[in-house]
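Heads up, the thing below is written out as structure tokens.
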Amino acid sequence: MTTMTEASVREFKMPDVGEGLTEAEILKWYVQPGDTVTDGQVVCEVETAKAAVELPIPYDGVVRELRFPEGTTVDVGTPIITVDVSGGTAPAGAAPAAEAPAAAAPAPQEEAPSVGSGRQPVLVGYGVATTSTKRRPRKGPETPAAAAPAAPAAQALQSELNGHGGAPAAVDRPRPLAKPPVRKLAKDLGVDLAAVTPTGPEGIITREDVHAAAAPQQAPAPVEPAAPAPAARPAAVAPAAVSYDGARETRVPVKGVRKATAQAMVGSAFTAPHVTEFVTVDVTRTMKLVDELKQDKDLQGLRVNPLLLIAKALLVAVKRNPEINASWDEAAQEIVLKHYVNLGIAAATPRGLIVPNIKDAHDKTLPQLAEALGELVATAREGKTSPAAMQGGTLTITNVGVFGVDTGTPILNPGESAILAVGAIKLQPWVHKGKVKPRQVTTLALSFDHRLVDGELGSKVLADVAAVLEQPKRLITWA
């Protein structure tokens, strides 16, 4: 049996994957005690307040201990996995993490490293808050249990969710192939991906596969009118899984991206004085141009849609009114003018609303902007948007029209001066050249921070965007 020495043990700590964030939740372990790992191998997936990120191990060795089970929120800087780098093999019959001696357990919460104590980094644009960092309550016992067999109560719950009894599957089974949003859906629905039959290309599990696997797991409504005991229900249930035939309420934990979004929007709404202006515009010519551009050989294979020209119209308006592209420095009581545009695009994802941005959008040609938009949307849908892609935004576009909504009053992304909401484009009666004709019409709404953008400036920007969309030739004459 190989004996570990202090010199041969390496503790991999939770890194700051979010550039200033203080904690992350362990979503999935890809290794177990006794597994051999190599430098650069992904060992787990974690979710920060901004995105889901896979963590690679920085050295070779044998996994000795997983310090936290899946679902635990861990402070940045806290060891999460122990690896023996001496080159030895796993001891025969090595005990899982949950059965390790008490001395191997992580320090109690009050003794865990506190990163940024007294200075808690928040979302970009609003500096740091002077408050101490607190760890959310762990979902499991203090003793590490990531690699341990499930406790009897947990086994019973899992058996109930899976619709059958029996012991849990072996921990050394191959990792099922599924994208992060699909894994999150399976976790929310209580579906074991290893038991799902994949129908996607190359054996990838799809959302439909997860829903199909979850369908037979729905338990019948209780005979008694009383609500089921909390221990008999999954820890998290996605809104899509809510049934009105059983319990009268379902509580959905708010964390990760959704929690950060909620906190940011509250901070924005009560910190920056919002003003919203509206304009309804005939975009028939823009829609015709979109159809023509789809046939252009220089744009073949790229994402060409109305949003592309709306983004370009906003960039033209910013060029004509550069003061709109700014931020407010509360500490210095100054307006910070930005000489670049990092254009944010609000995107609804399975993890919640995120706003990745296109860096230096003002310098991009139309094909380059189309390519950047396509990559941004595809990455967001796959749940792979990096934290860096969501930082440093200066202006944002939110397209509520995709939901059939006519307009809205968007809330500023923290640290930005303006956000443009685009409503649904609909065929409506419109006075065109003195006659009422059916035209493609939409409503734009521009919210801006009244501390640095007055009514005149905000009105000019909105009017310029509308003018470009009404007469898209201004993309050339005004550029």
Side-chain angles (χ1 to χ4, degrees), residues 12-27 40 42-58 73-77 115-116 119-129 133 179-181 184 255-261 263-265 267-268 303 311 315 325 327 336 338-364 368-398 412-417 419:
F12 179 54
K13 300 178 180 180
M14 178 69 74
D16 179 6
V17 296
E19 300 183 18
L21 298 177
T22 60
E23 62 184 17
E25 178 188 355
I26 298 175
L27 293 179
V42 174
V43 294
C44 69
E45 180 183 18
V46 302
E47 182 181 33
T48 70
K50 292 181 176 291
V53 181
E54 291 184 329
L55 299 183
I57 199 79
T73 298
V74 181
D75 291 334
V76 169
V115 179
R119 285 175 52 84
Q120 183 177 1
V122 293
L123 294 182
V124 171
Y126 276 26
V128 294
T133 301
K179 295 181 179 180
K184 180 65 164 56
K255 57 185 178 180
V257 173
R258 294 184 188 274
K259 182 176 181 180
T261 300
Q263 293 173 338
M265 292 302 97
S268 175
R303 186 181 183 87
L315 292 172
N325 189 41
S327 63
V336 182
K338 308 294 179 65
H339 303 301
Y340 59 92
V341 179
N342 289 345
L343 184 60
I345 304 295
T349 73
R351 298 185 184 280
L353 180 69
I354 63 174
V355 188
N357 60 77
I358 300 172
K359 309 298 183 186
D360 294 324
H362 64 289
D363 278 340
K364 297 188 181 299
Q368 291 172 339
L369 189 61
E371 182 178 8
L373 269 173
E375 292 177 353
L376 180 149
V377 172
T379 302
R381 287 178 176 173
E382 293 175 358
K384 296 182 179 180
T385 302
S386 67
M390 293 182 282
Q391 295 182 338
T394 61
L395 297 168
T396 292
I397 295 176
T398 177
L412 294 170
N413 204 33
E416 299 181 11
S417 60
I419 178 172

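The number of heavy-atom neighbours closer than 6.0 Å to NZ of K13, taken from other residues, nucleotides and ligands shown, is 12 or below.
Counting all heavy atoms, side chain and backbone alike, R303 lies closest to G374 at CD-CA, 3.8 Å. The nearest pair of heavy atoms linking A380 to A347 is CB-CB, 4.2 Å. The minimum heavy-atom distance between P56 and F12, with the atom names listed, is O-CZ, 3.6 Å.
Between T385 and M390, the closest side-chain pair of non-hydrogen atoms falls below 4.5 Å. A 4.5 Å side-chain heavy-atom check between K338 and V336 finds at least one atom pair inside the cut-off.
Taken to the nearest 0.5 Å, the CD atom of E47 stands 9.0 Å off from the OG1 atom of T73. Atom CG of residue L412 and atom CG of residue L395 lie 10.0 Å apart, to the nearest 0.5 angstrom. Summarising the geometry, atom CZ belonging to R381 is positioned 10.5 Å from atom CG belonging to L376; distances are rounded to the nearest 0.5 Å. Between the NZ atom of K384 and the CD atom of E54 there is a distance of 7.0 Å, given to the nearest 0.5 Å. To the nearest 0.5 Å, atoms CD1 (I26) and CG (L55) are separated by 8.5 Å.
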Check against side-chain contact (heavy atoms from CB on, under 4.5 Å), V46 and M14: CA-CA 9 Å; V46 302; M14 178 69 74; 4.0 Å; yes

Worked verdict on T398 versus I419 for side-chain contact (heavy atoms from CB on, under 4.5 Å): CA-CA 7 Å; T398 177; I419 178 172; 4.0 Å; yes

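In this structure, the side chain of N325 engages the main chain of Y340 through a donor-acceptor pair within 3.5 Å. Side-chain atoms of H362 come within 3.5 Å of backbone N or O of V341 as a donor-acceptor pair.
Looking at residues two or more places apart in sequence or on another chain, you find a side chain to side chain contact (heavy atoms under 4.5 Å, CB included) between A311 and L343, L369, I397. With sequence neighbours excluded, the residues forming a side chain to side chain donor-acceptor pair (under 3.5 Å) with T396 are E416, listed by chain and number. Remark: N357 pairs with N342, K359 by the side chain to side chain contact (heavy atoms under 4.5 Å, CB included) rule, at least two apart or across chains. Looking at residues two or more places apart in sequence or on another chain, you find no side chain to side chain donor-acceptor pair (under 3.5 Å) involving K364.
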